[in-house]
Amino acid sequence: MPELPEVELTRRRLERELVGKRIERVVVRTPKLRFPIPRELHDSLPGRTVRSVERRGKYLLLECEAGWLIIHLGMTGFLRLLPGTPPPGKHDHLDIAFADGAVLRFHDPRKFGTVAWTTDTPATHPLLAGIGPEPLTTAFDGAYLYDASRGRRVAVKQLLMNAAIVAGVGNIYANEALFRAGIRPDRPSSSLSHSECGRLVLAVREVLQGSIDQGSTYRVAEHTVAYHPLDFAVYGRGTGDCTRCGGALEEIRLGNRSTVYCPRCQR
DNA sequence: ATTTGCCCCTGGCGGC
DNA sequence: TGCCGCCAGGGGCAAA
């Protein structure tokens with residue numbers, strides 16, 4: 001389900017739903033997703049109240065007094081607050097039950113998600129420590145991207161998708177941002193000019209913020225891995241025509257990820 | 001230091 | 001209808 005906009009929308013929902021709730025019980029049904037689900041959750045979480053819900057890149061951070069619950073939704077993860085405790089279905093890996101009877105349930109068919117726990121500040125956790133600037137903050141600007149792209153021959157799309165360079169940009173929004181900026185996704189990173197870096201940064205921010213503002217540009221049907229695109233300019237349109245110039249879009253693979261661009265509008 | 005490719009896992013879809 | 005291969009929002013990690 002998630003790139004940055006979807007994780008941010010999940011964060012806002014969880015903030016409304018969970019802050020102030022006291023955890024009563026934890027049920028782990030699957031020992032290991034991407035990594036083992038920490039056993040300490042059983043000892044550390046019950047009795048704690050959720051104080052805040054934050055986000056770093058695509059990681060959700062739930063502040064639970066004694067420490068932080070770190071959750072990554074992977075490709076297909078979904079967090080849902082249920083009013084009670086219905087029988088768990090297939091792929092319902094984790095329940096966090098609250099004192100008021102509600103249950104936060106983690107559903108993830110592909111098991112690429114992550115659940116971790118730290119008693120330290122989450123920024124120092126190994127999974128988060130190396131993540132680059134948040135794209136919606138001023139730390140991510142043209143000068144930063146220009147510097148970060150020097151000496152790198154990797155395709156600019158792969159640079160955008162490198163979390164160490166900038167947090168939270170996945171395959172869909174990398175495609176969309178490069179189209180918006182008019183930059184070919186396979187350009188070597190180091191070939192970008194200062195002004196192209198500025199355009200690209202702006203495009204990334206607009207694409208991400210635009211998706212957040214409209215409640216995500218795609219929808220995920222519950223309990224399936226299928227998703228429904230609503231508003232993509234290029235992603236998933238590999239056989240179609242450019243919405244801007246009408247010419248045929250091209251589809252290539254970069255880093256084994258599907259990449260769609262307009263060879264006329266993107267240079 | 002960068003870059004490349006693998007791999008974790010399930011399910012949907014198109015083709016035969 | 002059934003089986004098979006391919007592809008899918010991610011990203012850590014080992015190896016080149």
Side-chain angles (χ1 to χ4, degrees), chain A residues 1-11 29-37 55-60 70-79 89-94 106-116 125-132 135 147-177 185-191 204 207-208 211-212 215-239 251-260:
Chain A
M1 164 203 171
E3 289 189 38
L4 187 147
E6 292 68 42
V7 178
E8 173 59 19
L9 289 161
T10 300
R11 186 200 69 75
R29 296 193 192 82
T30 307
K32 179 180 164 293
L33 299 176
R34 182 113 209 252
F35 304 105
I37 295 180
R55 177 187 61 73
R56 181 76 175 97
K58 297 172 189 163
Y59 285 93
L60 289 162
I70 301 172
I71 299 178
H72 195 296
L73 300 174
M75 294 256 249
T76 53
F78 199 90
L79 284 166
K90 209 175 172 187
H91 311 309
D92 287 340
H93 307 301
L94 172 71
F106 185 43
H107 174 86
D108 182 10
R110 282 180 77 180
K111 297 185 190 165
F112 284 178
T114 297
V115 176
H125 190 279
L127 291 172
L128 305 185
I131 297 181
D147 287 346
S149 57
R150 294 312 90 182
R152 289 183 181 260
R153 35 181 85 225
V154 70
V156 60
K157 174 162 176 271
Q158 292 170 274
L159 191 80
L160 280 185
M161 292 176 66
N162 180 348
I165 300 294
V166 57
V169 180
N171 195 39
I172 288 179
Y173 297 113
N175 277 293
E176 296 296 306
D186 57 355
R187 284 268 300 278
S189 302
S190 55
S191 77
V204 166
V207 161
L208 296 178
S211 182
I212 292 172
S216 176
T217 42
Y218 58 92
R219 292 282 178 280
V220 182
E222 222 161 289
H223 291 82
T224 169
V225 299
Y227 68 101
H228 309 289
L230 299 178
D231 193 17
F232 299 148
V234 284
Y235 179 81
R237 295 178 180 265
T239 57
E251 180 156 19
I252 58 174
R253 292 192 81 77
L254 287 176
N256 210 28
R257 306 300 293 276
S258 139
T259 304
V260 183

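Sequence lines set the chain letters: A, B, ... in the order given, protein chains first and strands last, and positions in each chain run from 1.
- Proximity of a side-chain donor or acceptor of A:E3 to a complementary backbone N or O of A:G168 within less than 3.5 Å is not detected.
- A:E251 places no side-chain N or O within donor-acceptor distance of the main-chain N or O of A:S258, the cut-off being under 3.5 Å.
- Contact annotation for A:S258: backbone-only contact, meaning every heavy-atom pair under 4.0 Å involves sugar-phosphate atoms and none involves a base.
- The side chain of A:R152 places an N or O atom within less than 4.0 Å of a non-bridging phosphate oxygen (OP1 or OP2) of B:dT3.
- B:dC9 and C:dC3: their P atoms are spaced 23 Å apart (whole Å).
- For A:H91 and B:dC9, the shortest distance from a side-chain N or O to OP1 or OP2 is not below 4.0 Å.
- In this model, the phosphate group of B:dT10 is approached by a side-chain N or O of A:K111 to a distance below 4.0 Å at OP1 or OP2.
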Pairs: protein N or O with nucleotides 12-16 of chain C N or O, under 3.5 Å:
unit_1	atom_1	unit_2	atom_2	d
C:dG12	OP1	A:Y59	OH	2.9
C:dG12	O4'	A:R34	NH1	3.3
C:dG12	O4'	A:R34	NH2	3.2

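- A:R257 comes within contact range of at least one nucleobase, with a heavy-atom separation under 4.0 Å.
- Proximity of A:K90 to the phosphate of B:dT10: no side-chain N or O atom is located under 4.0 Å from OP1 or OP2.
- In terms of phosphate contacts, A:K32 brings no side-chain nitrogen or oxygen within less than 4.0 Å of OP1 or OP2 of B:dC8.
- Judged by distance alone, with hydrogens and angles left aside, the side-chain atoms of A:T76 form no donor-acceptor pair with the main-chain N or O of A:G74 at under 3.5 Å.
- The environment of A:R29 atom CZ is dense: over 12 non-hydrogen atoms of other residues, nucleotides or ligands sit within 6.0 angstrom.
- Of the possible donor and acceptor atoms, none in the side chain of A:R257 sits under 3.5 Å from a partner among the backbone N and O of A:K157.
- Side-chain contact check for A:E6 versus A:Y173: some heavy-atom pair is nearer than 4.5 Å.
- Stacking of A:F112 onto the six-membered ring of C:dG10 is present: less than 5.5 angstrom between centres, less than 30° between planes.
- Taking a pair as Watson-Crick or G-U with both hydrogen-bonding distances under 3.5 Å, the stems of three or more pairs touching DNA chain B are B:2-8 with C:10-16, B:10-16 with C:2-8.
- At least one donor-acceptor pair under 3.5 Å links the side chain of A:N175 to the backbone N or O of A:N171.
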